[in-house]
Number of protein chains: 2
Amino acid sequence: MRVDGSKITRQDDLNRILEALDDTSELEGLQRATEEIRDLYGINHVVYHWVDSAGEQYGCGTYANAWRERYLQQNYIRIDPVIIGCYQRFHPVDWKRLDWTGKAARAFLQEARAYGVGNQGFSVPIRGPNGQFALFTVSHDCDDDVWSAFTAAHSRDLILIAHYFNRKALEFEPNRQPEAAQTLSPREVDAMTLLAMGYSRAQTAETLSISEHTLRVYIESARFKLGAMNTTHAVARALARGLIMV
Amino acid sequence: MRVDGSKITRQDDLNRILEALDDTSELEGLQRATEEIRDLYGINHVVYHWVDSAGEQYGCGTYANAWRERYLQQNYIRIDPVIIGCYQRFHPVDWKRLDWTGKAARAFLQEARAYGVGNQGFSVPIRGPNGQFALFTVSHDCDDDVWSAFTAAHSRDLILIAHYFNRKALEFEPNRQPEAAQTLSPREVDAMTLLAMGYSRAQTAETLSISEHTLRVYIESARFKLGAMNTTHAVARALARGLIMV
DNA sequence: TTTTTTCTCCCCAGATCTGGTGAGGGGGGG
DNA sequence: CCCCCCCTCACCAGATCTGGGGAGAAAAAA
């Protein structure tokens with residue numbers, strides 16, 4: 001069912017979209033996919049964007065360019081309730097359920113509507129390795145009832161589409177997955193893990209039942225392998241590369 | 001299509017499973033769901049488990065209890081190529097594509113088979129807020145061809161099921177969330193970011209054009225907010241929670 | 001407008017980490 | 001059989017970090 005009530009052959013269209021995404025070999029394809037999805041479902045906007053404390057790493061979608069520029073230039077990531085809310089959640093969320101109290105948020109919403117974003121929205125948070133975070137959003141202009149029916153009918157599709165978008169985005173951004181070239185020895189992993197858990201060198205050594213001298217050898221060895229300048233840096237890199245868990 | 005080739009009404013059964021998961025209000029329900037899914041697809045095992053360096057936080061599934069105990073007791077998380085491999089990936093992965101070189105991994109695989117895990121496997125990595133990480137795995141005993149066909153036919157279903165499992169697990173484990181609320185101030189983010197990049201305190205202060213004393217205040221403040229015991233711990237947590245990027 | 005948070009600066013002593021070098025035993029792979 | 005990597009231990013001096021105080025101005029939230 002499209003948002004306007006007309007029928008679509010749900011499963012086939014979803015498969016077509018996902019396969020198209022799978023076959024995409026360039027960023028352009030993701031942009032085109034957002035437009036196809038928008039047209040297929042008959043909604044106003046479809047957007048995928050990678051969210052990053054440093055600003056948008058990559059994004060594609062059907063929002064007006066003016067709005068996108070405004071958003072970036074104003075650094076709205078900091079106040080956008082969609083970002084903030086989704087960042088703490090796992091399951092997709094309807095914009096109505098987010099926290100729109102607060103002056104900045106209200107003003108932001110109003111401005112977004114002025115740029116044609118629509119009065120309804122539904123966002124799917126997605127997380128990849130190394131703390132990567134992205135959002136897949138659909139938005140529209142309609143009544144609450146219509147929108148509820150639409151999201152209820154398609155939330156699963158949207159989760160899958162979001163997943164495939166993110167998969168491609170990760171493929172295109174390979175510096176996220178440099179090479180697992182340098183692996184750490186088991187003992188080095190232990191050391192890095194405990195340090196990342198807040199243990200001091202002395203505590204770590206005691207926990208591992210080795211002398212602090214030996215521990216230092218591991219730390220230095222790990223630091224060398226990871227190309228890190230100090231212990232904190234080494235732990236940060238080990239975490240970022242998924243070599244240890246906390 | 002089931003793994004043995006017989007047909008199932010794909011969409012309806014999937015919907016039933018997902019709705020059952022949605023309606024579950026106790027951990028027991030997840031356990032039952034794994035068994036239902038196993039029977040529905042006609043495979044050997046279905047497992048969902050939360051992965052954590054400290055050991056398994058929560059898990060349910062159809063593996064033999066003996067194997068589960070053995071796994072925990074031996075702390076196989078450290079060497080399990082499924083864990084290690086999925087931790088660096090986003091998309092689900094067939095076990096065959098993982099790295100099974102290495103003596104420990106080989107021995108592990110053999111032991112797992114001895115406990116009836118099966119010779120084929122397919123695991124879906126899932127990530128939630130705060131660096132939460134979990135795996136949803138299906139395993140079986142069959143030829144490569146049969147397994148390939150099965151995973152190709154159902155990988156999308158499995159992604160969705162994994163998503164719903166994790167959603168419930170997060171609901172049941174709300175103590176992940178409280179600490180999450182703590183956000184860092186912009187300056188604190190700057191400090192943590194530079195430290196994670198390997199800068200010393202002196203370099204960081206200089207880069208931010210503030211005195212080292214001031215920088216220390218940020219570090220301590222961030223450490224406090226993050227409940228960290230030292231700078232390295234604070235950086236590790238900030239990274240794990242996605243508050244900073246490197 | 002009041003209150004809260006953020007940003008900036010300062011002191012000091014003791015604990016902790018870092019850098020560079022050396023050395024012996026054990027296990028796996030070529 | 002040899003080589004390379006992993007694990008273990010040791011010394012020392014100087015650089016760096018930590019803990020616990022206090023304080024004022026500006027900005028944001030209530």
Side-chain angles (χ1 to χ4, degrees), chain A residues 74-76 78-79 81 84 99-108 181-196 198-236 243, chain B residues 78-79 100-107 181-236 243:
Chain A
Q74 292 288 96
N75 205 21
Y76 276 150
R78 288 283 158 92
I79 59 155
I84 296 165
D99 175 27
W100 294 98
T101 62
K103 209 183 61 177
R106 213 75 67 87
F108 168 77
Q182 289 293 12
T183 58
L184 299 179
S185 78
R187 245 12 196 166
E188 287 159 358
V189 172
D190 293 340
M192 291 292 110
T193 303
L194 290 175
L195 290 172
Y199 287 43
S200 70
R201 273 202 330 201
Q203 290 175 307
T204 303
E206 200 195 341
T207 305
L208 296 178
S209 304
I210 55 177
S211 78
E212 196 174 329
H213 309 289
T214 304
L215 175 69
R216 285 180 47 200
V217 177
Y218 296 145
I219 299 175
E220 285 193 39
S221 154
R223 209 178 61 221
F224 179 72
K225 286 183 179 175
L226 297 166
M229 320 186 70
N230 54 45
T231 304
T232 300
H233 194 195
V235 169
L243 301 173
Chain B
R78 286 285 156 85
I79 58 155
W100 294 98
T101 63
K103 209 185 65 175
R106 213 77 66 86
Q182 291 295 5
T183 57
L184 298 180
S185 78
R187 244 10 196 169
E188 287 160 357
V189 171
D190 292 342
M192 291 292 109
T193 303
L194 291 175
L195 290 173
M197 285 169 24
Y199 288 43
S200 71
R201 266 194 347 194
Q203 290 174 308
T204 303
E206 199 195 340
T207 305
L208 295 178
S209 305
I210 57 177
S211 78
E212 196 174 328
H213 308 287
T214 303
L215 175 68
R216 283 180 47 201
V217 177
Y218 294 146
I219 298 175
E220 285 194 40
S221 152
R223 211 179 58 220
F224 179 72
K225 287 183 179 175
L226 296 166
M229 319 187 70
N230 53 47
T231 304
T232 299
H233 194 194
V235 170
L243 299 172

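Throughout, protein chains are lettered first and strands after them, A, B, ... in sequence-line order, and every chain is numbered starting at 1. Values reported hereafter were calculated over all heavy atoms of this structure, with side chains retained and with hydrogens, waters and symmetry mates removed. Keep in mind it's a predicted model, so treat the numbers as computed, not measured.
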Point to revise | Toward the 5' end of DNA chain C, by each residue's nearest nucleotide, Arg223(A) or Lys103(B) | key: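 Per heavy-atom nearest nucleotide, the more 5' residue is Arg223(A).
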Point to revise | Aromatic plane relationship, Phe108(A) with Trp100(A) - under 30° parallel, 30 to 60° tilted, over 60° perpendicular | key: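 Geometry flag for Phe108(A) against Trp100(A): parallel rings.
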Using a heavy-atom cut-off of 4.0 Å across all strands, would you classify [X] as base, sugar-phosphate, or nothing?
| X | value |
| --- | --- |
| Thr231(B) | sugar-phosphate |
| Arg187(B) | sugar-phosphate |
| Glu212(A) | sugar-phosphate |

**Study point:** Contact under 4.0 Å: Arg201(A) side-chain N or O vs dT18(C) OP1/OP2
**Key:** yes
Review point. Does Ser185(B) have a side-chain nitrogen or oxygen under 4.0 Å from the phosphate oxygens OP1 or OP2 of dT6(C)?
Key: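 No.
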Between [N] atom [atom2] and [X] atom [atom1], what is the distance in whole Å?
| X | N | atom1 | atom2 | value |
| --- | --- | --- | --- | --- |
| His213(A) | dA23(C) | NE2 | C1' | 14 Å |
| Arg216(A) | dC12(D) | CZ | P | 12 Å |
| Leu195(B) | dC17(D) | CG | C1' | 11 Å |
| Phe224(A) | dG19(C) | CZ | P | 13 Å |
| Asn230(A) | dG19(C) | CG | P | 8 Å |
| Glu220(A) | dC9(D) | CD | P | 16 Å |
| Ile219(A) | dC7(D) | CD1 | P | 14 Å |
| Ile210(B) | dC10(C) | CD1 | P | 11 Å |

**Study point:** Minimal non-hydrogen separation, Thr232(B) against Leu195(A), with atom names
**Key:**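 So the minimum-distance heavy-atom pair works out to CG2-O, 3.9 Å.
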Practice item. Indicate yes or no for a side-chain donor-acceptor contact from Glu220(B) to the backbone of Val217(B) under 3.5 Å, with no hydrogens or angles considered. Key: no
Study note, to complete from the structure: With the side chain defined as heavy atoms from C-beta on, Tyr218(B) is closest, among dC6(D), dC9(C), dC7(C), to dC7(C)
